[in-house]
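Some notes on the structure that comes next.
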Amino acid sequence: MNDTNTASTQSIADYLAQLLKDRKQLAAFPNVFIHVERLLDEEIARVRASLFQINGVKKEPLVLPEPEGEVTTLTEKVYVPVKEHPDFNFVGRILGPRGMTAKQLEQETGCKIMVRGKGSMRDKKKVCIFVIHK
């Protein structure tokens, strides 16, 4: 492949990355911009198809081998410094209004976020733990 095709493929890939980023941001408002979602999905499909067809020659997608071994779940516990900052509402900031901040973080990172312990529910006796599953 010559430099022109490489640059063209790279610009298409960059454009696709921007479209996917826009789609992710739009997902924060489900069923609000229905026509915009549909148009964006159509453009993403069109650009993906063009990546696999350069100069009229269809390129086959990369075939990956079957996964081997056990599925691994990574867990990270982040302890919130409640004692050092007793007046700060950590749980409220993590969750956001109606849990939207946590949902957005989950969507952007691909992690499952759980808030456990003191302040996470109505029980004031437990310690606050911020758990992330990837």
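Just the heavy atoms: all of them, side chains too, but no hydrogens, waters or symmetry mates, feed the values below.
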Interatomic spacing from CZ in Phe90 to CG in Leu95 - rounded to 0.5 Å:
13.5 Å
Testing the basics here: between Ile94 and Val115, what is the closest heavy-atom pair and its distance to 0.1 Å?
CG2-CG2, 3.8 Å
Between Gln18 and Asp14, is any side-chain donor less than 3.5 angstrom from a side-chain acceptor?
no
For Arg38, is there an ion pair with Glu42 - N to carboxylate O distance below 4.0 angstrom?
yes
Would you call Lys103 and Glu106 a salt bridge, using N to O less than 4.0 angstrom?
no
Any side-chain heavy-atom pair from [X] and [Y] closer than 4.5 angstrom?
| X | Y | answer |
| --- | --- | --- |
| Val47 | Glu43 | yes |
| Arg23 | Glu37 | yes |
| Arg93 | Thr101 | no |

I'd like to know if [Y] and [X] are part of one continuous hydrophobic network [Ile/Leu/Val/Met/Phe/Trp/Tyr, side-chain heavy atoms within less than 4.5 Å].
| X | Y | answer |
| --- | --- | --- |
| Leu26 | Val32 | yes |
| Phe33 | Leu20 | yes |
| Phe29 | Leu40 | yes |
| Leu19 | Val36 | yes |

Check against side chain to side chain contact (heavy atoms under 4.5 Å, CB included), Met100 and Gln104:
CA-CA 6 Å; Met100 291 304 290; Gln104 184 178 2; over 6 Å; no
